[in-house]
Each structure stands twice: as structure tokens, then as C-alpha cells.
Amino acid sequence: MDFSKLKGEIFFNNSFINSRKANIHVLNHSLHFASSVFEGIGVYNGKPLFLKEHLIRLKRSSEIMKLSLSYSIKNLEKICRKLVSKNKIRNGYIRPIVFRSSHSMSPETKLCKSQIAIAAWKWGKLFKKRALSLEISKYPKLNKTVYPVDAKSSGGYQTSVIARSNLEGTKFDDCLMLDLKSYIAETSACNIFWIKKNVLYTPTENAILNGVTRRCILKICKLNKIKYKTGNFKLKDIYSADYAFMTGTAAEIQPIKSIRNVKYKINSELVNFLKIKYESIKEISPNLIEDLN
Ligand code: PMP
């Protein structure tokens, strides 16, 4: 799909306008220096899932990347809900983006103004396959010590973009990325989990975007007394797992069938249980993870 041909309305320059008119100049700062932050929010039955949670992360990402965001979370919530209803979206995705204007063509940002645009479109699950094959990226995920990975910033995606481009023409669907110390981080745009002897494992927040879906999964585990461990893990840890899956707003809970030539079973009782729970959470559509009980 060519997103520049998206129909409907986009919130831009403080109003809802025809999507075709929501344009920026080619000399935009964020286009040249990847200086934007954004969010991806799922919409189910016309209701955005974990809307407030995502907007809090957008605010935080903006602060980290020194972009001013004059809208309150409450205001942004209202705009997102209105956009969903204006575009008649039942199942889809909301993409708010905060970016810099065209007042600088260097990393200097003093004269740049922050702008926000929010788009929404009808969308299904990101991956159509039942289970995915992963390659290992030759590019690392950057660690907290060298890049603010907790911001969902466009700059943070550069190694993911190259890693995914390198998969073109191969049998792999996505790639697993290690951090600078060769600990497991995440996939190009999802968090990763694996199960070994009924215990769930996922990397700590050293070199990952701490996904809303990841936090939701850990909350489900807590509420249902499912044993899980977060920590620093090496490839040998995931290679000896029974099952593996990845999580994200658009991917939801996506089973993995192999990493390189290591194969995983895909019919896990625990993953099925998490999927059922996640489906029921989608129905009640809470605003915050802490609302789950
Ligand atoms: N890691 C990365 C790099 C991502 O881009 C995403 C979002 N697609 C995630 C993890 C998962 O985050 P969330 O569950 O909040 O969508």
C-alpha cells in the first residue's frame, strides 16, 4: 500500500484535513536527521487498545528527543478517538508522529518547531503466517548506554531497517537482533519471548523498546501466576527453548518456528493461553496496563 494515497482524514496543523493534503516539505528536519518520535496503537471494534499507555510513551519519547508536545494526554486521547470515528475504523491502527519543521538542515534544532500529525487506517495483523522464520541480524540493537532506546524514535530504527532490507530474497521473515554485548535484544520491530520447561523468558530493558504488548504479557503472567524470568540472555538460551514468539501492537502474539536452523514447536498451551487472554483484553479495551486485574 502507498500510504501517501491513504483516504480519509489526518489530524495535522491542529485540524482534521484530507489525508492527501497532509504533506511536508522535502527539506524537513526529521526526514534528513530521523528526528521524530511516533506511536503505533491498535484499534479493535472501534476502540483504541491501551490508548493512554501509548500516549504516555509518546510524551516521554518526545521529552527524551527534546521535541515539544503542547497537547495534553487527554487532548490527544480525544483527537485519536475522533479520528477513528471520522475514518470509520473498526479494526485498524493509529499512528501519531511528532517531528521537527524545516528550520534547520543541520543537527542544530534551536529554530525548529515541533509538529504533530495523527493518521489512522484500517489494518489487520502485521504477519499473515502462522509462525515465522528468523535470521540473526548482523547489525546490533543499540544499548541504553549509547542511545535512548526507551524512546520510540525514528532514529532508533536504522539498524532494524538495514537488517530487514538484508532479508529480501531470503527465506526469512524477520530477524533477531542482539545488543552490543551479544545479549538477545528483540526483533526488528517486536519484543521476543521464549518458553523452556513452562517458564517464560524475555530480555530486560537494556537494548529494547519496552513494548506495551510485552508489558501486557508480563502482567497476564503475574495475574495468572505464570512463571517468568527477565534478564540478560545469550543465543544458547533461546536455542535450547521449546517455543518462541514475538509481541507487538501490530504483530500481537506471533509464534516463531525457527531461528536460523534451530526449530521450535508451535503448538504451545501457554502461548495459546496468552493469546486467549490477550483477545479478551482487546474486547474490554483498557486504557492502561495497570487497569488489568
Ligand atoms: N520493539 C520495537 C523495536 C518496536 O518497534 C515495537 C513496536 N512495533 C515493539 C518492540 C513492540 O512494542 P509495542 O508492543 O508497544 O507495540
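These numbers were taken from a predicted model, which means no experiment stands behind them. Ligands are counted one by one from 1 in listed order, and the atoms in each one are counted from 1 as well.
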Check: Asn91 side chain, Asn45 main-chain N or O, donor-acceptor pair, under 3.5 Å
yes
What's the shortest distance from atom 5 (O) of ligand 1 to any protein heavy atom, and which residue and atom give it?
Tyr157 OH, 2.3 Å
Near Gly248, which atoms of ligand 1 are under 4.0 Å from a heavy atom of that residue?
11 (C), 14 (O), 16 (O)
Taking only heavy atoms of Asn191, which atoms of ligand 1 are found under 4.0 Å from at least one of them?
10 (C), 11 (C)
Would you mind checking which non-hydrogen protein atom is closest to atom 14 (O) of ligand 1, with the distance to 0.1 Å?
Thr213 OG1, 2.6 Å
Could you tell me, atom by atom, which parts of ligand 1 come under 4.0 Å of a heavy atom of Thr249?
13 (P), 14 (O), 15 (O), 16 (O)
Under 3.5 Å donor-acceptor, Asn166 side chain and Ala163 backbone
no
Is ligand 1 under 4.0 Å from a heavy atom in the side chain of Ser188, in the backbone, in both, or in neither?
backbone
Has the side chain of Lys275 got a donor or acceptor atom that lies under 3.5 Å from a matching backbone atom of Gln254?
no
Would Gly40 count as a contact residue for ligand 1, given that I'm defining contact as a non-hydrogen atom of the residue lying under 4.0 Å from a ligand atom?
no
4.5 Å side-chain heavy-atom contact, Ser35 and Thr109:
no
Backbone N or O of Thr249 within a donor-acceptor pair of the Thr213 side chain at under 3.5 Å?
yes
Expected output: side-chain Gln115 to main-chain Ala117 donor-acceptor under 3.5 Å
no
For atom 12 (O) of ligand 1, what's the nearest protein heavy-atom neighbour? Residue, atom name and distance, please.
Gly211 CA, 3.3 Å
If you count the non-hydrogen atoms of other residues, nucleotides and ligands that lie under 6.0 Å from NZ in Lys222, is the total more than 12?
no
One residue to check: Met177. Relative to ligand 1, which of side chain, backbone, both or neither has a non-hydrogen atom less than 4.0 Å away?
neither
Do me a favour and list the nearest non-hydrogen protein atom to atom 8 (N) of ligand 1 with residue, atom name and distance?
Ala189 O, 2.8 Å
Does Leu55 share a hydrophobic cluster with Leu67, counting links as ILVMFWY side-chain heavy atoms below 4.5 Å and allowing steps through other members?
yes
Hey, mind stepping through Asn232 and Asn206 against side chain to side chain donor-acceptor pair (under 3.5 Å) and telling me if it holds?
CA-CA 8 Å; Asn232 292 322; Asn206 289 336; 2.8 Å; yes
Using a 4.0 Å cut-off to any heavy atom of Arg57, which atoms of ligand 1 qualify?
15 (O)
Those atoms of ligand 1 less than 4.0 Å from some heavy atom in Glu186:
1 (N), 2 (C), 3 (C), 10 (C)
Identify the protein heavy atom lying closest to atom 15 (O) of ligand 1, giving its residue, its atom name and the separation to 0.1 Å.
Val212 N, 2.8 Å
At a non-hydrogen distance cut-off of under 4.0 Å, which region of Ala250 contacts ligand 1 (side chain, backbone, both, or neither)?
neither
Would Lys82 count as a cation-pi partner of Phe16, with NZ or CZ less than 6.0 Å from the six-membered ring centre and within 45° of the ring normal?
no
Number the atoms of ligand 1 from 1 as they appear, then name those within less than 4.0 Å of a heavy atom of Lys152, with their elements.
5 (O), 7 (C), 8 (N)
Would you mind listing which atoms of ligand 1 come within a distance below 4.0 Å of any non-hydrogen atom of Lys141?
3 (C)
